[in-house]
Amino acid sequence: MELLLPHPSNSTPLTVLGFLDRAASVYGDCPSILHTTNTVHTWSETHNRCLRIASALTSSSLGINQGQVISVVGPNVPSVYELQFAVPMSGAILNNINPRLDAHALSVLLRHSESKLVFVDPNSISVVLEAVSFLGQHEKPHLVLLDDNQEDGSSCASAASDFLDTYQGIMERGDSRFRWIRPQTEWQPMILNYTSGTTSSPKGVVLSHRAIFMLTVSSLLDWHFPNRPVYLWTLPMFHANGWGYTWGTAAVGATNVCTRRVDAPTIYDLIDKHHVTHMCAAPMVLNMLTNYPSRKPLKNPVQVMTAGAPPPAAIISRAETLGFNVGHGYGLTETGGPVVSCAWKAEWDHLDPLERARLKSRQGVRTIGFADVDVRDPRTGKSVEHDGVSVGEIVLKGGSVMLGYYKDPEGTAACMREDGWFYSGDVGVIHKDGYLEVKDRSKDVIICGGENISSAEVETVLYTNPVVKEAAVVAKPDKMWGETPCAFVSLKYDNNGNGLVTEREIREFCKTKLPKYMVPRKVIFQEELPKTSTGKIQKFLLRQMAKSLP
Ligand SMILES: Nc1ncnc2c1ncn2[C@@H]1O[C@H](COP(=O)(O)OP(=O)(O)OP(=O)(O)O)[C@@H](O)[C@H]1O
């Protein structure tokens with residue numbers, strides 16, 4: 001048997017880009033993209049349009065070489081969806097950038113990524129132009145204006161001189177007979193994603209064609225994604241490529257419902273209007289939906305995948321009461337998206353709703369295509385007991401782990417260690433049934449008088465208080481205890497606009513549900529907690545505030 005070696009017939013590099021050719025054959029006449037501006041495309045049109053853009057990118061007039069980075073600054077609009085295919089189909093590396101970054105942060109990413117071309121949404125023109133002006137002596141990228149609202153390409157004439165062309169202009173130059181550029185090996189880089197910057201400056205994560213393929217196929221299987229679902233884009237495509245569903249929806253011929261606005265009335269309206277069946281949403285978006293005063297139970301159940309931050313059981317339970325069927329995944333930009341998920345067991349169906357939500361708030365087990373997950377004691381390096389209480393660092397290994405951080409060999413070596421594991425920087429436990437539960441990010445653990453307090457555990461309790469809208473718990477320096485837990489809370493208001501609870505009542509509430517040392521010593525009320533645009537609470541800001549409290 002040892003003479004049987006790989007052969008070209010069984011070694012085509014894995015890539016998700018081929019999903020689009022197949023979608024054009026199988027689902028050619030079915031809707032691919034709907035947009036609130038009434039744009040409607042079919043899968044054969046989307047295929048055609050992506051090939052035209054990809055071919056134009058390789059033309060001498062744009063001068064993009066294979067392996068160069070092309071950035072996209074825009075919200076969830078049809079052109080941004082198309083670019084998820086078109087850019088890598090041209091052989092370039094796709095870099096989605098959060099349109100809510102300020103000009104300084106944006107210029108740092110453009111310089112670091114050495115982006116050659118930037119696609120810019122009209123709402124981001126001024127911030128991108130300012131960011132480019134900060135590049136100084138550095139080579140400046142060409143700019144192309146996205147024009148989803150004006151398909152005739154006449155948009156934003158005033159900014160025309162700063163732009164090489166419009167998206168529609170490039171489309172017209174392209175050739176739909178273009179043969180897209182297949183990677184020579186599946187290890188070739190396809191994506192450059194910057195992390196959310198929740199704990200430090202964003203890091204440039206490079207993912208190969210293989211990693212994206214493994215992540216996407218695993219996610220489709222894991223969520224039992226059916227053929228031709230109606231998928232609502234509530235999760236930003238720039239956040240780890242919408243956890244792989246940018247390409248996953250092509251695999252199953254889904255209808256992608258795109259929207260710029262992600263607020264509760266828009267989401268409920270689109271669910272109703274387009275008979276949405278699936279969506280992904282960070283826990284904060286789920287929280288917003290469950291707190292919307294005009295919420296009504298859904299007419300038909302909607303499958304919602306939540307990830308990106310710990311979803312408190314109380315939020316899961318409220319969402320399920322409204323008719324959302326919540327799935328829960330865990331992962332990082334460095335793993336391409338969720339690689340662990342709370343695989344549901346039929347025998348849990350009959351438990352009471354709160355117990356179901358508690359089980360579902362655990363992160364779970366590795367997805368089908370991922371190799372392994374473990375929790376290691378940082379002192380001994382050994383796996384912790386599967387007892388639900390022994391805490392350690394979560395380590396991961398599998399095909400969707402990144403190639404490494406761009407231009408950062410030390411950062412890469414620090415998390416992709418010689419023992420063959422990727423170290424996540426998160427702490428967790430493994431329960432008796434083998435299910436992982438994330439307890440905290442290691443940077444967020446509060447050490448009070450030598451006891452480790454999981455901020456997520458205290459937050460989970462705070463969210464069970466019916467008047468709490470949002471909660472985050474951070475360490476406050478303390479002379480006697482080292483650190484003590486300090487809670488930041490935003491409240492739901494009564495009809496007269498009054499918060500319905502006092503600091504003492506919140507502390508008393510926690511005392512009934514937590515050991516004394518975990519009860520927040522201080523509770524600060526805020527109208528809104530500071531968040532990243534991926535919906536994560538910026539605890540480093542809260543820590544600074546807690547530090548400056550008397
Ligand atoms: N289901 C989940 N439960 C708990 N935490 C989660 C879950 N999913 C993701 N996370 C958290 O999100 C982190 C990954 O987030 P992401 O890659 O977007 O960047 P970030 O960590 O927020 O930003 P940065 O690394 O720049 O600080 C994980 O390490 C984990 O702390």
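Counting starts at 1 for both ligands and their atoms, following the listed order.
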Query - K439 bridged to E437 by N-O distance under 4.0 Å - result: yes
Requested in this report: Number the atoms of ligand 1 from 1 as they appear, then name those within less than 4.0 Å of a heavy atom of G331, with their elements.
Outcome: 8 (N), 9 (C), 14 (C), 28 (C)
Query raised in the report: Parallel, tilted or perpendicular: which fits the ring planes of F19 and F213, with parallel below 30° and perpendicular above 60°?
Result: tilted
Query raised in the report: What part of A309, side chain from CB on, backbone N/CA/C/O, both or neither, has a heavy atom under 4.0 Å from ligand 1?
Result: backbone
Query raised in the report: Salt bridge or not for R376 and D374, using N-O below 4.0 Å?
Result: yes
**Report entry** R260 with D121: basic N within carboxylate O range, under 4.0 Å
**Finding:** yes
Query raised in the report: For ligand 1, is there an N or O atom under 3.5 Å from any N or O atom of P311?
Result: no
Report task. Decide if atom NZ of K547 counts as having more than 12 heavy atoms of other residues, nucleotides or ligands within a radius under 6.0 Å. Result -> no
Query raised in the report: Hey, is the main chain of V206 close enough, under 3.5 Å, to the side chain of Y405 for a donor-acceptor pair?
Result: no
Query raised in the report: Going by the angle between their ring planes, with limits at 30° and 60°, are W233 and Y231 parallel, tilted or perpendicular?
Result: perpendicular
Query raised in the report: Would a distance-only check, ignoring hydrogens and angles, find a side-chain to backbone donor-acceptor pair under 3.5 Å from R356 to D349?
Result: yes
Requested in this report: Do me a favour and list the nearest non-hydrogen protein atom to atom 8 (N) of ligand 1 with residue, atom name and distance?
Outcome: G308 N, 3.0 Å
Report summary line: If you scan protein heavy atoms around atom 17 (O) of ligand 1, the nearest is T333 OG1, 2.6 Å
Requested in this report: Could you find the nearest protein heavy atom to atom 19 (O) of ligand 1 and give me its residue, atom name and distance?
Outcome: S196 N, 3.5 Å
Query raised in the report: Can you tell me if S218 uses its side chain to pair, donor with acceptor, with the backbone of L215 under 3.5 Å?
Result: no
Query raised in the report: Does D419 come within less than 4.0 Å of R417, counting only side-chain N to carboxylate O?
Result: no
Report summary line: Nearest non-hydrogen protein atom to atom 26 (O) of ligand 1, with distance, is T195 OG1, 2.7 Å
Query raised in the report: In terms of atom number and element, which parts of ligand 1 are under 4.0 angstrom from non-hydrogen atoms of H239?
Result: 18 (O)
Report task. Closest by any non-hydrogen atom to atom 13 (C) of ligand 1: pick that one out of E334, Q538, R441, K539. Result -> R441
Query raised in the report: In terms of atom number and element, which parts of ligand 1 are under 4.0 angstrom from non-hydrogen atoms of P310?
Result: 3 (N), 4 (C), 5 (N)
Query - Distance filter under 4.0 Å to K203 heavy atoms, resulting ligand 1 atoms - result: 25 (O)
Report task. Examine the proximity of ligand 1 to D426 and report which part, side chain or backbone, both or neither, has a heavy atom under 4.0 Å away. Result -> side chain
Requested in this report: Specify the protein heavy atom at minimum distance from atom 22 (O) of ligand 1: its residue, its atom name, and the distance to 0.1 Å.
Outcome: T198 OG1, 2.3 Å
Report task. For atom 12 (O) of ligand 1, grab the closest protein heavy atom and report residue, atom and distance to one decimal in Å. Result -> K536 NZ, 3.0 Å
Query raised in the report: Considering only heavy atoms of G329, which atoms of ligand 1 have at least one such atom less than 4.0 Å away?
Result: 1 (N), 2 (C)
Report summary line: Quick note on ligand 1: atoms under 4.0 Å from a heavy atom of Q363 include exactly 1 (N), 2 (C), 3 (N), 4 (C)
